[in-house]
Amino acid sequence: MKYNPQKIEKKWQKIWQKKRVYEPNFTPRQARGKKKLKRPFYNLMMFPYPSAEGLHVGNMYAFVGADIYGRFKRMQGHDVFEPIGLDGFGIHSENYALKIGKHPADQAKISEKNFYRQLRMIGNGFAWEERLETYDPEYYKWTQWIFVQMFKSGLAYRKKQAVNWCPSCKTVLADEQVIAGECERCGTAVVKKELEQWFFKIIDYAERLLNNLEKIDWSEKIKVAQRNWISKSEGAVVKFPIPNFQFPIEVFTTRADTLFGATYVVLAPEHSKIENLKLQIENWEEVKRYIAGAKNKSEAERIAEGLEKTGVEIKGIKATNPATGEEIPIFVADYVLAGYGTGAIMAVPAHDQRDFEFAKKFNLPIKMVICPNYPEPKCPVLERAYEEEGYLVASNEFTGMFCQKAKNAIAEWLAKKDLAEKKTTFRLRDWLISRQRYWGAPIPLIFCETCRHEGRGERKDMPGWHAVPEKDLPVKLPHIKDFRPTGTEKSPLAIVEKFFKVRCPKCKSWARRETDVCDTFLDSSWYYLGYLMASENWKLKIENSAFSRLARKWLPVDMYIGGAEHAVLHLLYVRFVAMALRDLGFIHFEEPFKKFRAHGLLIKDGAKMSKSKGNVVNPDEYIRAYGADTLRMYLMFLGPFEQGGDFRDTGIRGITRFLERIWKLTHSVILTPPRRGKNLKRSFGQSPQDDLNKALHKTIKKVTEDIENLQYNTAISSLMILVNELEKQPSLEIENWKLVIKLLAPFAPHIAEELWSQSASPERGRRDEKGSVHLAKWPKFNPKFIKEETFTLIVQINGKVRDLFEAPAGISREEAARLALGREKVKTWLAEKEAKKIIFVPGKLINIVG
RNA sequence: GCCCGGGUGGUGGAAUGGUAUACACGAAGGACUUAAAAUCCUUUGCUCGCAAGGGCAUGUGGGUUCGACUCCCACUCCGGGCACCA
């Protein structure tokens, strides 16, 4: 019989599904009845969004890598839950539907079928019965339910502010979705628009999101990215009074020590105070023009300008430096960001490069107050801002103080006069959650004009707004013909009367539904809970104890694998939502994933895969040509899973050869009974059987350790080394060979299953072999077999390898030195010289220094 | 500009501070074949040498060490992330 991957892969995929091999036990009660309660293990991978081209080989790379880990855990005796689903709601799916002129709901059905077909082909141990799609009303009912909880608890709020707007996608975007001023999805330059939008208060959780990073076992680079994104700054808010005006300008600074060098104040163009000061501003027209111009600029334009600073002085008013009492000018400039700190800064051109450039351009005084050398202040002439540490100069009683110390001293001095206050600020902004698009979960809120008028509402701070009562969820997305984005700052649902016209849940008068939909990242912020709900056909409720029991058994997720590109998107939101749900008492944990590992990027022939380059690998054709097992193993053999790999067509043959050799070897083992009792003794006293055990158990150890560390490439290579060895063995027993099949099983599940079943013919069959190899026990290595009796002792002379010989394992330093010095080569190399020093590393080498 | 990765044969890549180049691909030669494919065997970092054997090589330059791909310093190139965050 020849190895025919296509045939056996289809066969086993069917059998697995029929026998429910990969379906875990969900209810604790059921499990108790069984003789052995298996330890649950939730093995999660980031679910894909069903894209235009079908499953990308990069997806397959990620899924296979995650699956190997899951299969490994299953064989180690865990009850593994490895679900899969589709993240099909959202702009990406809708954009594709628009492009090909289909309705997103119809396209979803097509994509769904295609994706599930492809996902079945790759041979993962998915729990298919719990699959889910985010556009399924059963699912988004709970997306909406979460929104309602956020609203009721005050974590969702509505606010008008300058937000990111993508003119091509015709919707607002979250900060996390803007990459270098461009839309994450389509690459169009994002513009700022003043709009009223829904936000989630993720900033309230900034501190916890930051602190918890210490407690979770995640890829370090993701933690670093999150830390940088949240970016905590400790400083002070300092008041700069405006003469003849009631309110001072408040600035945020982390460098209170430089306060005596603050020679002007800058407000962001969006700063609210400017409007209030209108009557006192002499050049109001000019200021107004500048503000309008700045607001119209796209994010990308601002970045493109680079360090070229622009701004306008606000004439007619001055600010008082609270430290010096000096009156200093006030500017409006777009290098100051409205959304950070207080939206205003004190400019210290001598010690901040941006302020320095601005001051140079506008000829403003540059006053040095920090000097590297003290007490002899010979301050250098500045060519750029001096941002390093130093001692204060020209700062009254603080002169001579080291800057770190002065920071606190000055802040406290001003605090006593009520002119300053310590403050911690985060760079993280609140999560903008509403989208002016069609293909998403409608935001489940209703606005009632009557209630607003009478000051009623679910929340005191938001009169007129009501959550859709939970019994009315889901708010179904209506099937409308014209789903195209309007570009009018409103969703296409805003003109669908049968959708938005609704009775107020409170006063029953006619009211209006919110017509924006939720950001896709809300869909994916809780899907790991969804899979558990799917196990009971969506009959469970998050708030009920039945769900809670299930969650306590399975959550938090034990292992989560996905792409690093979601470091500050999905991976941040999902943590935030879990914390919020925990605080509301719905779940028992605040970190959803105990362990997260980011896989590397798969490239093709040294270049990134992209549609425009035309080098995107479609897994279908490779599976058709070589089989899923070969492709799986090839992908994993390319390089370390966490680093990625370079896909080259030529390499695949090596894996095909390897699997064919395994196939052949199995049959020769089955057909040729071992010649017992004929083991020839060797000169070292080790029989071929000892050698075989050693090779076998070393490999078991190596493969086990490598899988645990996701080093699949070296695990596969050690399997290859073992097979090379075993092919030379005259007497290979089937029981030993079966250990190899087990080691192979996570990587090449189909061929392993086929060979397992073939080797377990009834007359040979044992209990372990009746079922699937994937439920068989993962082999344990026996340290006794690995123990070496001799080793290769390396002999170095002055650090260079000159000789080597076999030595007994426990050889002493003296004995090793004696043997080494007696060797011909050593004598030659050492010539007449004495050995000055001898370094001996037990079990490794001896270095003779002459 | 800042923060992460990374630089090793013709290629993908291995190496707890201890034989650098495992494993695989490719290439060359051979066996089998009428022939080809497949398969199997041998060789394969560069270099000097008939050989035995030697010298040189892990981006560059220094350092620590008996010994450095591995640790430290400086630089350089490539990939990724963030980007006027006061």
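To find a chain, count down the sequence lines: A is the first, B the second, and so on, and within it residues start at 1.
Nucleotide B/rU70 forms a pair with no other nucleotide shown, judged by Watson-Crick or G-U wobble geometry with both contacts under 3.5 Å. When both pairing distances are held under 3.5 Å, B/rA24 makes a Watson-Crick or G-U pair with B/rU11. Across every strand in view, B/rU34 sits unpaired, with no contact that passes the Watson-Crick or G-U test at under 3.5 angstrom. Across all strands shown, B/rG79 forms a Watson-Crick or G-U wobble pair with B/rC4, both key distances being under 3.5 Å.
Between the side chain of A/Tyr340 and the backbone N or O of A/Thr425, no donor-acceptor pair lies under 3.5 Å. Although no hydrogens or angles enter the test, the distance criterion places a donor-acceptor pair under 3.5 Å between the side chain of A/Thr263 and the main chain of A/Pro365.
Taking atom C1' on both nucleotides, B/rU64 is separated from B/rC71 by 8 Å, rounded to a whole Å. One C1' atom belongs to B/rU65, the other to B/rG54, and the distance between them is 26 Å to the nearest Å. With both ends at atom C1', the span from B/rA15 to B/rC69 equals 8 Å, rounded to whole Å. Only the C1' atoms considered, B/rU60 is 15 Å distant from B/rU8, to the nearest whole Å. Separating the C1' atom of B/rU34 from that of B/rG13 is a span of 42 Å, rounded to the nearest Å. For B/rG17 and B/rU58, the C1' atoms lie 15 Å apart once the distance is rounded to whole Å. Look at the P atom in both B/rG5 and B/rC66: the space between them is 30 Å, to the nearest Å. With both ends at atom C1', the span from B/rU33 to B/rU39 equals 12 Å, rounded to whole Å.
Among the protein residues, A/Thr425 comes within range of no part of the nucleic acid, since none of its heavy atoms lies under 4.0 Å from any strand. Within 4.0 Å (heavy atoms only), A/Lys800 reaches sugar-phosphate atoms of the nucleic acid but no base atom. Within 4.0 Å of A/Asn724, counting heavy atoms only, lie sugar-phosphate atoms of the nucleic acid but no base atom. Among the heavy atoms of the strands lying under 4.0 Å from A/Leu804 is at least one base atom, whether or not backbone atoms are also near. Heavy atoms of A/Leu638 sit under 4.0 angstrom from primed sugar atoms or phosphate atoms, though from no base atom. Looking at heavy-atom distances under 4.0 Å, A/Arg227 makes no contact with the nucleic acid at all.
Of the listed nucleotides (B/rA14, B/rG54, B/rG18), B/rA14 has the atom at the smallest distance from the side chain of A/Thr714. Ranking B/rG80, B/rC4, B/rG12 by closeness to the A/Arg648 side chain, first place goes to B/rG12. Here the nucleotide nearest the side chain of A/Arg653, chosen from B/rU19, B/rA22, B/rU39, is B/rU39. With B/rG12, B/rC40, B/rC3 as the candidates, the nucleotide lying closest to the side chain of A/Phe637 is B/rG12. Checking B/rU19, B/rA86, B/rG12 against every side-chain atom of A/Ile794, the shortest atom distance belongs to B/rU19. Each of B/rA86, B/rG67, B/rG13 was ranked by its minimum atom distance to the side chain of A/Val336; first place goes to B/rA86. Distance from the side chain of A/Arg657 is smallest to B/rU39 among B/rC66, B/rC84, B/rU39. The side chain of A/Asn847 approaches B/rG18 more closely than any other nucleotide in the set B/rC23, B/rC84, B/rG18. If you check B/rA83, B/rU19, B/rA38 against the side chain of A/Val801, the one that comes closest is B/rU19. For A/Gln643, the side-chain atoms get nearest to B/rG6 when compared with the rest of B/rG12, B/rA83, B/rG6.
Neither side chain, A/Gln353 nor A/Glu387, offers a donor N or O lying under 3.5 Å from an acceptor on the other.
Put simply, CG on A/Asp649 is 13 Å from C1' on B/rG12, counting in whole angstrom units. Taking atom CD on A/Glu182 and atom P on B/rA83, their separation rounds to 12 Å, with Å as the unit. What separates CG of A/Leu845 from P of B/rA68 is a distance of 12 Å, to the nearest Å. Remark: P of B/rC82 and CZ of A/Phe426 are 20 Å apart, rounded to the nearest angstrom. We find that NZ of A/Lys702 is positioned 6 Å from P of B/rA15, with the value rounded to whole Å. If you measure from atom CG of A/Asn228 to atom P of B/rG1, you get 18 Å, rounded to the nearest angstrom. Taking atom CD1 on A/Ile179 and atom P on B/rG81, their separation rounds to 8 Å, with Å as the unit. One atom, CG of A/Leu601, and another, P of B/rC78, lie 18 Å apart when rounded to the nearest Å.
Aromatic ring centres of A/Tyr335 and A/Phe358 lie closer together than 6.0 Å.
For A/Lys309 and B/rC84, a side-chain-to-base donor-acceptor distance below 3.5 Å is present, hydrogens and geometry of angles not being considered. A donor-acceptor contact under 3.5 Å links the side chain of A/Lys844 to the base of B/rU16.
The glycosidic torsion of B/rG13 lies more than 90° away from 0, placing the base in the anti range.
Under a 4.0 Å N-O distance rule, the pair A/Asp257/A/Lys407 does not qualify as a salt bridge. Checked for salt-bridge contact, A/Glu660 and A/Lys664 miss the test: no charged N lies under 4.0 Å from a carboxylate O.
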Before giving the answer on salt bridge (charged side-chain N to carboxylate O under 4.0 Å, His left out), spell out for A/Glu788 and A/Lys694 the whole-Å C-alpha distance, their side-chain angles and the decisive distance to 0.1 Å. CA-CA 9 Å; A/Glu788 302 276 359; A/Lys694 187 179 286 175; 3.0 Å; yes

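A sub-4.0 Å separation between OP1 or OP2 of B/rG5 and a side-chain N or O of A/Lys221 is absent. Note on A/Tyr340: a side-chain N or O is less than 4.0 Å away from OP1 or OP2 of B/rA86. One finds no side-chain N or O of A/Trp229 lying less than 4.0 angstrom from the OP1 or OP2 phosphate oxygen of B/rC4. A sub-4.0 Å separation between OP1 or OP2 of B/rC23 and a side-chain N or O of A/Asn713 is absent. In this structure, A/Thr650 does not reach the B/rU11 phosphate: none of its side-chain N or O atoms is under 4.0 Å from OP1 or OP2.
Taken to the nearest 0.5 Å, the CD atom of A/Glu815 stands 11.0 Å off from the CG atom of A/Leu793.
When all heavy atoms are compared, the tightest approach of A/Ala420 to A/Ala411 is CB-O, 4.0 Å.
Mapped onto RNA chain B by nearest heavy atom, A/Gly645 and A/Arg255 fall at different nucleotides, with A/Gly645 at the one closer to the 5' end. Ranked by how close their nearest RNA chain B nucleotide is to the 5' end, A/Phe252 and A/Asp646 are led by A/Asp646.
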